[in-house]
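Data block below; observations after.
Protein chains get the first letters and strands the later ones, always in sequence-line order, with residue 1 at the start of each.
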Amino acid sequence: MLVRESPEGRAAGRIVETEGYVPLIDPASHAYRRRTNRNAPMWGPPGRAYVYFTYGMHYMVNLVTEPEGQAAAVLVRALEPLDGVDLMRRRRGVDKVRLLCSGPGKLCQALGIGAALNGAALQGPDLLVLPGDPVHEIVSTTRIGITRGVDLPWRFYEAGSNWVSRR
DNA sequence: TGAATGATGTTT
DNA sequence: AACATCATTCAT
């Protein structure tokens with residue numbers, strides 16, 4: 001479960017879809033080659049967020065998972081909205097709950113995650129990752145929206161979930 | 001229900 | 001020039 005605390009209130013959801021990105025062997029990873037200014041948080045200590053801006057209008061949030069220097073991260077692609085649904089609606093300008101967090105750009109907008117949270121602690125005042133209801137059956141597929149590393153089966157989602165980015 | 005497309009700014 | 005996307009539009 002991913003919790004976002006802000007002055008506007010709390011918004012939270014259960015993580016139901018992710019993608020893995022690793023350095024050196026994964027051509028789709030921002031950290032494929034080396035440390036750059038943008039991907040620096042991926043190379044840092046685990047337990048922090050890597051937030052980046054893409055397509056001129058969307059933020060994406062990753063959870064840095066491996067020890068310093070290893071640059072692996074998990075992209076959060078979809079949440080099952082649990083808390084602060086009305087706040088999410090306001091931020092998204094959308095009514096249907098199904099559309100609030102069913103994509104990496106959508107959930108960042110719904111939770112108010114932007115550049116200010118790049119490098120933020122995942123056990124901090126603004127972001128919090130907690131155990132949620134367990135995911136019992138996980139499906140793995142190839143990743144979405146990439147042009148390299150297309151055969152690596154590193155997208156994972158909860159079987160039968162209504163909240164993932166593709167039905 | 002699905003394919004095509006434009007929006008928009010940073011990175012390489 | 002590409003990009004870890006989304007909402008809208010137009011076609012089936």
Side-chain angles (χ1 to χ4, degrees), chain A residues 1-2 4 11 13-44 46-66 69-81 84-120 122 127 129 135 138-158 160-167:
Chain A
M1 153 145 175
L2 179 61
R4 159 68 165 148
R14 182 165 163 266
I15 299 171
V16 294
E17 178 181 349
T18 63
E19 282 176 0
Y21 289 88
V22 303
L24 308 178
I25 63 167
D26 177 7
S29 174
H30 290 174
Y32 178 40
R33 296 171 182 287
R34 64 184 184 281
R35 179 181 173 125
T36 65
N37 195 51
R38 175 168 79 153
N39 68 27
M42 291 183 82
W43 299 89
R48 304 226 278 233
Y50 166 48
V51 179
Y52 69 92
F53 181 69
T54 192
Y55 290 108
M57 54 182 72
H58 299 293
Y59 289 95
M60 312 277 143
V61 63
N62 293 253
L63 315 178
V64 177
T65 54
E66 298 300 313
Q70 296 193 30
V74 170
L75 172 70
V76 182
R77 283 196 58 92
L79 302 176
E80 173 182 342
V85 169
D86 283 335
L87 175 54
M88 292 184 189
R89 275 201 254 257
R90 254 177 281 136
R91 284 177 172 147
R92 291 268 302 123
V94 162
D95 203 56
K96 293 179 177 245
V97 183
R98 160 106 19 100
L99 301 181
L100 291 179
C101 297
S102 53
K106 296 180 194 177
L107 87 256
C108 280
Q109 187 179 27
L111 299 200
I113 294 175
L117 290 187
N118 191 27
L122 298 177
L127 284 178
V129 174
V135 173
I138 298 175
V139 182
S140 115
T141 72
T142 55
R143 296 171 293 181
I144 293 180
I146 54 171
T147 59
R148 291 142 42 192
V150 291
D151 293 328
L152 297 168
W154 291 344
R155 172 181 180 234
F156 307 95
Y157 64 90
E158 180 179 44
S161 173
N162 290 318
W163 310 104
V164 299
S165 61
R166 297 196 176 174
R167 313 206 80 221

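- Residue contacts for A:Arg92: at a heavy-atom cut-off of 4.0 Å it reaches the sugar-phosphate backbone alone, with no base atom in range.
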Under the side chain to side chain contact (heavy atoms under 4.5 Å, CB included) criterion, do A:Met42 and A:Tyr50 qualify, and how do the steps go? CA-CA 6 Å; A:Met42 291 183 82; A:Tyr50 166 48; 3.4 Å; yes

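- Using modelled atom types, one finds a donor on one side chain and an acceptor on the other under 3.5 Å when comparing A:Ser165 with A:Glu17.
- A donor-acceptor contact shorter than 3.5 Å is absent between the side chain of A:Glu80 and the backbone of A:Ile15.
- Between the side chain of A:Arg92 and the backbone N or O of A:Leu99 there is at least one donor-acceptor pair closer than 3.5 Å.
- If you walk DNA chain C from 5' to 3' and mark each nucleotide with an atom closer than 4.0 Å to a heavy atom of chain A, the marks span C:dC3 to C:dA7.
- When atom types are taken as modelled, the side chain of A:Asn62 and the backbone of A:Val76 share no donor-acceptor pair closer than 3.5 angstrom.
- If you check every strand for non-hydrogen atoms under 4.0 Å, A:Leu75 touches a base.
- By the 30° and 60° cut-offs, the orientation of the rings of A:Phe53 relative to A:Tyr59 is tilted.
- Here the straight-line distance linking atom CE of A:Met88 with atom CG of A:Leu111 works out to 5.0 Å at 0.5 Å rounding.
- The partner of B:dG6 is C:dC6, judged by Watson-Crick or G-U wobble contacts that both fall below 3.5 Å.
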Can A:Gln109 and A:Arg91 be said to form a side chain to side chain donor-acceptor pair (under 3.5 Å), step by step? CA-CA 6 Å; A:Gln109 187 179 27; A:Arg91 284 177 172 147; over 6 Å; no

Under 4.0 Å protein heavy-atom contact, by nucleotide of nucleotides 5-12 of chain B - B base, S sugar-phosphate only: --BBBSSS

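- Taking 4.5 Å as the limit, some side-chain heavy atom of A:Trp43 sits within range of a side-chain heavy atom of A:Pro23.
- Shown for residues 107-120 of chain A: no residue has heavy atoms falling under 4.0 angstrom of DNA chain C.
- Taking a pair to require two hydrogen-bonding distances under 3.5 Å in either a Watson-Crick or a G-U wobble arrangement, C:dT12 remains unpaired.
- Checked by atom type and distance alone, the side chain of A:Arg155 never pairs as donor or acceptor with a backbone atom of A:Arg77 at under 3.5 Å.
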